[in-house]
2 protein chains.
Amino acid sequence: MIEEIPDIVISRLPIYLRELTRLAEEEGKLTTSSHELGKHLGISSAQIRKDLSHFGEFGKQGTGYHINYLVQQLRQILHLTREWNVAVIGAGYLGHALTHYKAFLDQGFHITAIFDNDPAKIGEQLDDIVVQDMADLEKTITELNIKMAILVVPANVAQEITDRLVDAGVRAILSYAPIYLKVPPDIQVSYSDPVVQMQRMTYYLA
Amino acid sequence: MIEEIPDIVISRLPIYLRELTRLAEEEGKLTTSSHELGKHLGISSAQIRKDLSHFGEFGKQGTGYHINYLVQQLRQILHLTREWNVAVIGAGYLGHALTHYKAFLDQGFHITAIFDNDPAKIGEQLDDIVVQDMADLEKTITELNIKMAILVVPANVAQEITDRLVDAGVRAILSYAPIYLKVPPDIQVSYSDPVVQMQRMTYYLA
DNA sequence: CTACAATTGTGAAAACTTACACGAATCAAC
DNA sequence: GTTGATTCGTGTAAGTTTTCACAATTGTAG
């Protein structure tokens, strides 16, 4: 009876949420329609309505959607009504940048630990946290109840660190490492390899 | 007669290329099969063969693929046999990190300009380039023949900067800004909003 | 109160993507 | 040579995703 909702639908919800928030905050709107939302996002109105229909009926015929209400519903669906502790693995330039990334905090993602195995980096202060030795990975992740990690390490150690993260209880990984990660089926991975994204685009550049 | 190749196929080619390179360099392999490649990437062998068949016949029955040859072919298909000049827009933490990102250079993406409008950042030295005033955007992009840009600016200025980039001749944009960008149909955009990626994953965390 | 415009939610159709399965080719072993 | 194990490329089937199009509902204007 429980309908399996396609991941491609889930992946659009944060984008709807982002735009709805912007419509409310930047444009001061209280309501919107699937047509308006779609126009702002390059998505058809039918798609938006179909996507939302997986979770309930949030709009009203003739009127559209009350933005605050829909935002609240989406945040509940996506489990964003709580805060999430996040670990960053790798304290290179990119690890630093992501640790400082303000939007994470605004959206309830608290980076509460950062790790590296370079003795020169261990102990370094970053805002309010300190770079920890990779040896303490399991201990800290367990203690801080960290379920999400951002992986910013070289490809050759990414799989082995992923295995350790999963064993320590991490359930979702955002990976910037240029390699496919083998994980158990209940573990989520999102990939973000900038080179791969650039290489897709060069195809279209004559 | 010219077959239109789906973007979803194109987007897998860089991943094949990445793994093929790794197989050659790390594991010293000279040949591979669609089955082996797929096992390393979590993709079915049929999918890989079908994808490649859009572009020609690169393998041999019974034997599989000669890695070096396939790598060379993929690089040609993706227009990676030349080098690309790239501009980074925004010299915050993330802009810095991406400018330093070594893998870009390894893959033929040369970051030859970085811009910001903060007087405190303009003039700052980053490796071998200097942070330029956003006012010089058009001039520099034209002079250096830059066709690709990495956008690392706040949402509220992202669209206006995108318009300027496109007018200046940029044809592909990798955007970290948390907003949908409206561009002409012949302009490529890749999105990489870390918050959106995290929010997709929290859906699956009970 | 009635007519009209806007908009939702959704079943059905269309379009797109992936997986199956098989003939043909290749190579190694005997 | 012949056999058997691999593997490719591909036509077709199956599965997934998007789009269409319409009944039902809501609000507005006269």
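Numbers restart at 1 for each chain; the letters A, B, ... are given by sequence-line order, proteins then strands.
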Please report the shortest heavy-atom distance between B:L181 and B:Y191, naming the atom on each side.
N-OH, 2.9 Å
Quick note, B:S34 side chain, CB onward, closest among C:dT7, D:dC8, D:dT17 is D:dC8
Nucleotide D:dG27, atom P - distance to NE2 of A:H66 in whole Å:
13 Å
Touch class at under 4.0 angstrom, heavy-atom based, for B:L52 against every strand present:
nothing
How far apart are the C-alpha atoms of B:E36 and B:K29, what are their side-chain angles, what is the distance that settles it, and do they pass the side-chain contact (heavy atoms from CB on, under 4.5 Å) test?
CA-CA 11 Å; B:E36 181 182 45; B:K29 284 206 191 303; 2.7 Å; yes
Gap between atoms OH and C1', on A:Y16 and C:dT8 respectively (whole Å):
15 Å
Report the distance from atom OH of A:Y101 to atom CG of A:D106, rounding to the nearest 0.5 Å.
9.5 Å
Could you check how far NE2 of B:H35 sits from P of C:dA21, rounded to whole Å?
16 Å
Short side-chain donor-acceptor distance under 3.5 Å, A:Y16 and A:D51
yes
Does a salt bridge link B:R22 with B:E19, judged by any charged N lying under 4.0 Å from a carboxylate O?
yes
Nucleotide C:dC27, atom C1' - distance to CD of B:Q61 in whole Å:
12 Å
Nearest-Å distance for atom pair CD/P, residues B:E4 and C:dC16
10 Å
Taking the side chain as C-beta and beyond, is there a heavy-atom pair between A:F109 and B:T202 under 4.5 Å?
yes
Can A:Y204 and B:D186 be counted as having a side-chain donor-acceptor contact under 3.5 angstrom?
no
Which of C:dG9, D:dC8, D:dT18 is nearest the side chain of A:E57? It is C:dG9
At less than 4.0 Å, is any side-chain N or O atom of A:Y65 found next to OP1 or OP2 of D:dT26? Yes or no.
no
Nucleic acid contacts of residues 42-50 of chain B, taken as heavy-atom distances under 4.0 Å to DNA chain C:
B:S44, B:A46, B:Q47, B:R49, B:K50
Using atom OH of A:Y69 as one end and atom P of C:dT8 as the other, report the distance to the nearest whole Å.
15 Å
Output yes when at least one side-chain N/O atom of B:T63 is less than 4.0 Å from OP1 or OP2 of D:dT7, else no.
no
Protein-nucleotide distance (A:F55, atom CZ; C:dG9, atom P), rounded to Å:
13 Å
B:D51 atom CG is separated from C:dC16 atom P, nearest whole Å, by 16 Å
Among D:dT26, C:dT10, D:dT17, find the nucleotide with the atom closest to the side chain of A:S53.
C:dT10
